[in-house]
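Right, one structure below, let's go through it.
All values below come from the heavy atoms of this structure, side chains included, with hydrogens, waters and symmetry mates left out. Naming: A, B, ... by sequence-line order, numbering from 1 per chain.
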Protein chains: 2
Amino acid sequence: MSIKPANAKPEEPLSKERLRLWLKLLKASNLVEEEIRRRLRARHASTLPRFDVMSALSRAPEGLKMSEISKLLRVSNGNITGIVDKLTEEGFALRVSVPGDRRAHQVCLTERGKSAFAELAAAHESWIDEILGGLDLDDVLGMIQRLDHLTTSLGDH
Amino acid sequence: MSIKPANAKPEEPLSKERLRLWLKLLKASNLVEEEIRRRLRARHASTLPRFDVMSALSRAPEGLKMSEISKLLRVSNGNITGIVDKLTEEGFALRVSVPGDRRAHQVCLTERGKSAFAELAAAHESWIDEILGGLDLDDVLGMIQRLDHLTTSLGDH
DNA sequence: TATTTTTATTTCAAGCTTGAAATTTCATGC
DNA sequence: GCATGAAATTTCAAGCTTGAAATAAAAATA
């Protein structure tokens, strides 16, 4: 929390600067995201949502319940249903029934899913390294620090 | 462009940090964006795409062609068709035929569209000011500078 | 002029996303 | 046991988005 001294300048410019920051943040984020989507589609016939779900699953060898996935990725339940359907059709994921609960399913990556994701993840990391290649360590650490500050302050909402 | 000295340390940690930066950037951006979408829907029965198109139109009193809008917003032509259709149904925008060219249309805000946008824009600006309220001027200017650096380096792609 | 190419836009299918409603199952309290 | 409410998931309608194909009109060229 920043303290506003009694003799502060009018706040107006700060609010304009915040707006300017948001527009730039959105633009940068969208530029990178679009490039990643484009490459996933063109080079791997995949999509970002599918990648995100596989990424979550790859970190949970014993699988995740639908609701756990949607909580992790901060998206709706119905959304995950559709994406897991797709991954299942493609042979990358599997719904396994949970012993004690006939409502729930654990979703796991198949062997094929695991190896496909390993490939995707490696490509993804190298794309990011390439796309953000113009940033040196100082830029990167500086932005990470500011973003942590931002995310913390967003968490209060 | 950063020069890599002959005796540089292995690049691996930098690439990991770039990936970390990207994940944080995406997360922060999505958090803010979701909040804006939520408020546009709940408080103004509107959406971010509609707001973006109105915003572009509001800066062009003489109107914009469909293709100009899609270029400005960096989205597909077909997308703009649908959004302008919506705005037209809602009475916020108007397609005006271009004298010399029967293919093209100028899209303009109606008076109702202008006043609706003025209200939306004011709300939007105050939301951003509130949501980014945890950032002081130093944070804001620091991030803007880093983001400019990033966007410039992205432009090379 | 007639043909070809380019430009402006729309249409379309496929996919993602949400929030709300519907289902099914589980857990709790009576 | 039985009813009630909570939880896990799916279904659904509406909207956004894209890239590709279709239209239509203008411009360029032969």
Side-chain angles (χ1 to χ4, degrees), chain A residues 26 29-31 33-54 63-90 92-107, chain B residues 26 29-31 33-54 63-90 92-107:
Chain A
L26 183 59
S29 174
N30 282 345
L31 280 173
E33 192 172 337
E34 276 161 29
E35 184 62 25
I36 297 296
R37 286 182 194 274
R38 198 170 5 255
R39 294 186 185 192
L40 278 173
R41 183 177 344 104
R43 304 185 191 178
H44 297 271
S46 191
T47 68
L48 199 47
R50 284 191 318 237
F51 177 77
D52 289 340
V53 168
M54 290 177 88
L64 291 171
K65 288 194 296 180
M66 300 297 282
S67 50
E68 290 175 326
I69 300 175
S70 65
K71 213 161 296 170
L72 277 171
L73 302 188
R74 309 172 43 80
V75 298
S76 67
N77 275 344
N79 188 355
I80 295 300
T81 297
I83 296 169
V84 169
D85 283 351
K86 281 284 168 193
L87 288 177
T88 303
E89 285 169 24
E90 296 169 338
F92 291 153
L94 219 52
R95 279 179 172 89
V96 181
S97 47
V98 173
D101 190 338
R102 265 179 303 175
R103 295 170 303 179
H105 292 272
Q106 292 286 122
V107 184
Chain B
L26 184 59
S29 175
N30 282 345
L31 281 174
E33 191 172 338
E34 276 162 30
E35 185 61 25
I36 297 297
R37 285 182 194 274
R38 196 166 10 252
R39 293 186 186 194
L40 279 173
R41 184 178 343 107
R43 305 183 189 179
H44 297 270
S46 192
T47 67
L48 199 47
R50 251 115 88 175
F51 177 78
D52 289 339
V53 168
M54 291 176 88
L64 291 171
K65 290 194 296 181
M66 300 297 283
S67 50
E68 291 175 326
I69 302 175
S70 65
K71 214 162 296 173
L72 277 172
L73 302 188
R74 309 173 43 78
V75 299
S76 67
N77 275 345
N79 189 355
I80 295 300
T81 297
I83 295 169
V84 170
D85 283 351
K86 281 283 168 195
L87 288 177
T88 303
E89 286 169 24
E90 295 169 339
F92 292 152
L94 219 52
R95 279 180 173 89
V96 181
S97 48
V98 173
D101 190 338
R102 267 180 300 175
R103 294 169 303 179
H105 292 273
Q106 291 286 123
V107 184

Quiz item: Minimum heavy-atom separation for L64(B) to L72(B), with atom names?
Solution: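 Scanning both residues, the minimum pair turns out to be CD1-CD1, 3.8 Å.
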Is [Y] paired with [X] through a side-chain N to carboxylate O contact shorter than 4.0 Å?
| X | Y | value |
| --- | --- | --- |
| R95(A) | D85(A) | yes |
| R37(B) | E33(B) | yes |
| R38(B) | E35(B) | yes |

Quiz item: How does protein contact run along nucleotides 9-22 of chain D, one letter per nucleotide 5' to 3', with B for base contact, S for sugar-phosphate only, - for none, heavy atoms under 4.0 Å?
Solution: BBB---SSSBS---
Quiz item: Are V107(A) and L94(A) close enough that some pair of their side-chain heavy atoms sits under 4.5 Å apart?
Solution: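 No; the side chains remain at least 4.5 Å from each other.
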